[in-house]
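What follows is a set of notes on a single structure, which appears directly below.
Each ligand, and each atom within it, is numbered from 1 in the order the structure gives.
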Amino acid sequence: MVILKSPEEIETIRGANQIVAEILSELEKMIKPGITTRELDRHSEMLTRKRGAKPAFKGYRGYPFSLCASVNAEVVHGMPSDRILREGDIVGLDFGALYKGYYGDAAITVPVGEVSEEAKKLIRVTEECLYKGIEQARSGQRLGDISAAIQKHVENAGFSVVRDFVGHGIGKTLHEEPQIPNYGIEKRGIELKAGMVLAIEPMVNQGGWRVRVMNDGWTVVTADGRLSAHFEHSIAITKNGPVILSRIH
Ligand code: MF3
Ligand code: CO
């Protein structure tokens, strides 16, 4: 069942997502060769608590950190560690917060110093396909319109879409129905309605779409070892179209 939210609830969810967006933009400024992903994790938790919110991921199904930091061939759910970020790496930062009883969830992928042209293109296409998906999030459209728009843009650029992980509804819980695949067929799936709040999160691979989970039980990596990028926004469908709740203004 997809839970529709009132305009008041959407404003509260916006509050949670604004905290997430501010923290992601703080972390983005810290990304330089030499920093460890553990430092980013510590900082994200400190900033969250300072704002009177809670990190959403910490303790979720036993996940031990506040932040997911996924480097290069890591797709999502990379665990912060003493790993040092180097010039030429790309790092996905995925962060969630619980505030006034509602969740916020967003992600960005950031270059570390100067990166290859191919890495830049992967990051650009992944962010673009997120916006192509959001553009379809209108009442009267169907879920498959979001998925198909994302897949089309990714595959036109010569990249591939991860199948094994999907976006989701969000609200009083981090993951609600519907699941939102980043591949699919136009005009299929449930009808979209005003009041739906969705976390849309394309994961895009430079090579093939296949992924595997490492022995730590969390870190998802590309099967072929090539790069992957991830962007996520939480959005609300309103009668005036999609509104990005995790947009930094
Ligand atoms: N943005 C991710 C998601 O929506 C983050 C969850 S990671 C976990 O699934 F650590 F919380 F599991
Ligand atoms: Co999410």
Side-chain angles (χ1 to χ4, degrees), residues 2-3 5 13-14 16-25 27-28 37-38 40-42 44-45 48 53-71 74-81 91-99 102-110 126-127 129-131 133-134 137 143 146-147 150 161-183 196-204 211-221 228-237 242 244-247:
V2 178
I3 303 166
K5 278 83 180 179
I13 302 173
R14 189 203 297 276
N17 277 288
Q18 284 299 302
I19 292 171
V20 171
E22 284 165 22
I23 290 169
L24 284 175
S25 101
L27 298 180
E28 183 174 14
T37 51
R38 191 186 301 278
L40 298 168
D41 178 64
R42 299 296 296 257
S44 71
E45 179 163 359
T48 309
K54 276 194 192 163
F57 303 163
K58 199 167 195 171
Y60 180 85
R61 296 187 177 190
Y63 185 74
F65 298 100
S66 299
L67 180 71
C68 296
S70 307
V71 184
E74 296 173 359
V75 178
V76 286
H77 305 166
M79 299 226 273
S81 72
V91 58
L93 303 174
D94 188 353
F95 189 70
L98 173 61
Y99 185 66
Y102 289 87
Y103 283 91
D105 188 8
I108 54 176
T109 298
V110 182
T126 308
E127 188 168 23
C129 77
L130 171 58
Y131 288 99
I134 292 171
L143 194 62
I146 297 176
S147 307
I150 292 170
V161 159
V162 172
R163 266 67 164 161
D164 305 32
F165 297 86
V166 295
H168 49 94
I170 185 167
K172 286 184 180 167
T173 54
L174 180 59
H175 297 133
E176 294 181 358
E177 286 182 37
Q179 293 196 8
I180 309 170
N182 296 298
Y183 62 96
M196 289 183 178
V197 179
L198 308 175
I200 302 177
E201 49 179 318
M203 289 146 266
V204 177
V211 300
R212 61 185 181 83
V213 180
M214 303 238 292
N215 288 336
D216 61 21
W218 282 102
T219 314
V220 178
V221 294
S228 187
H230 177 215
F231 279 83
E232 177 175 19
H233 269 312
S234 295
I235 65 117
I237 302 178
I244 300 175
L245 304 176
S246 49
R247 166 122 74 194

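Taking backbone and side-chain atoms together, D94 has no N/O/S atom less than 2.8 Å away from the Co ion (ligand 2).
For the 3.5 Å distance criterion, the side chains of Y131 and H233 qualify, holding a donor opposite an acceptor.
The six-membered or imidazole ring of H168 lies away from that of Y103, with a centre-to-centre distance of 6.0 Å or more.
No other N/O/S atom of E232 lies as close to the Co ion (ligand 2) as OE2 does. Within D105, the N, O or S atom at minimum distance from the Co ion (ligand 2) carries the name OD2.
To the nearest 10 degrees, the angle centred on the Co ion (ligand 2) between NE2 in H168 and OE2 in E201 reads 80°.
Within the 3.5 Å criterion, the main-chain N or O of S234 finds a donor-acceptor partner in the side chain of S246. Using a distance-only test at 3.5 Å, with no hydrogens or angles considered, no donor-acceptor pair links the side chain of E28 to the main chain of S25.
At the shortest separation from atom 4 (O) of ligand 1 among protein heavy atoms lies H168 NE2, 2.8 Å. Considering only non-hydrogen protein atoms, atom 5 (C) of ligand 1 sits nearest to F57 CZ, 3.3 Å. With hydrogens left out, the protein atom closest to atom 10 (F) of ligand 1 is Y63 CG, 3.1 Å, a heavy atom. Atom 1 (N) of ligand 1 has D94 OD2, 2.7 Å as its closest protein atom, hydrogens excluded (heavy atom only).
In this structure, of M79, H230, H175, H77, the residue bringing a heavy atom nearest to atom 3 (C) of ligand 1 is H175.
Counting heavy atoms under 4.0 Å from ligand 1, residue C68 touches it through the side chain alone. With a 4.0 Å heavy-atom cut-off, ligand 1 is reached by the side chain of W218 but not by its N, CA, C or O.
Within the structure, ligand 1 lacks A199 among the residues with a heavy atom less than 4.0 angstrom away.
With respect to I150, the side chain to side chain contact (heavy atoms under 4.5 Å, CB included) criterion is satisfied by exactly one of I200, I134, V204: I200. Tested against T109 for a side chain to side chain contact (heavy atoms under 4.5 Å, CB included), the candidates E232, E127, M203, H230 yield a single pass: H230. Considering V213, D164, V162 in turn, V213 is the only one that fulfils the side chain to side chain contact (heavy atoms under 4.5 Å, CB included) rule with V220.
Residue-environment remark: CZ (F57) exceeds the threshold of 12 foreign heavy atoms within 6.0 Å.
Near Y60, meaning under 4.0 Å from any of its heavy atoms, are these atoms of ligand 1: 8 (C), 11 (F), 12 (F).
Residues S44 and L27 are in side-chain contact: their nearest non-hydrogen atoms beyond the backbone lie under 4.5 Å apart.
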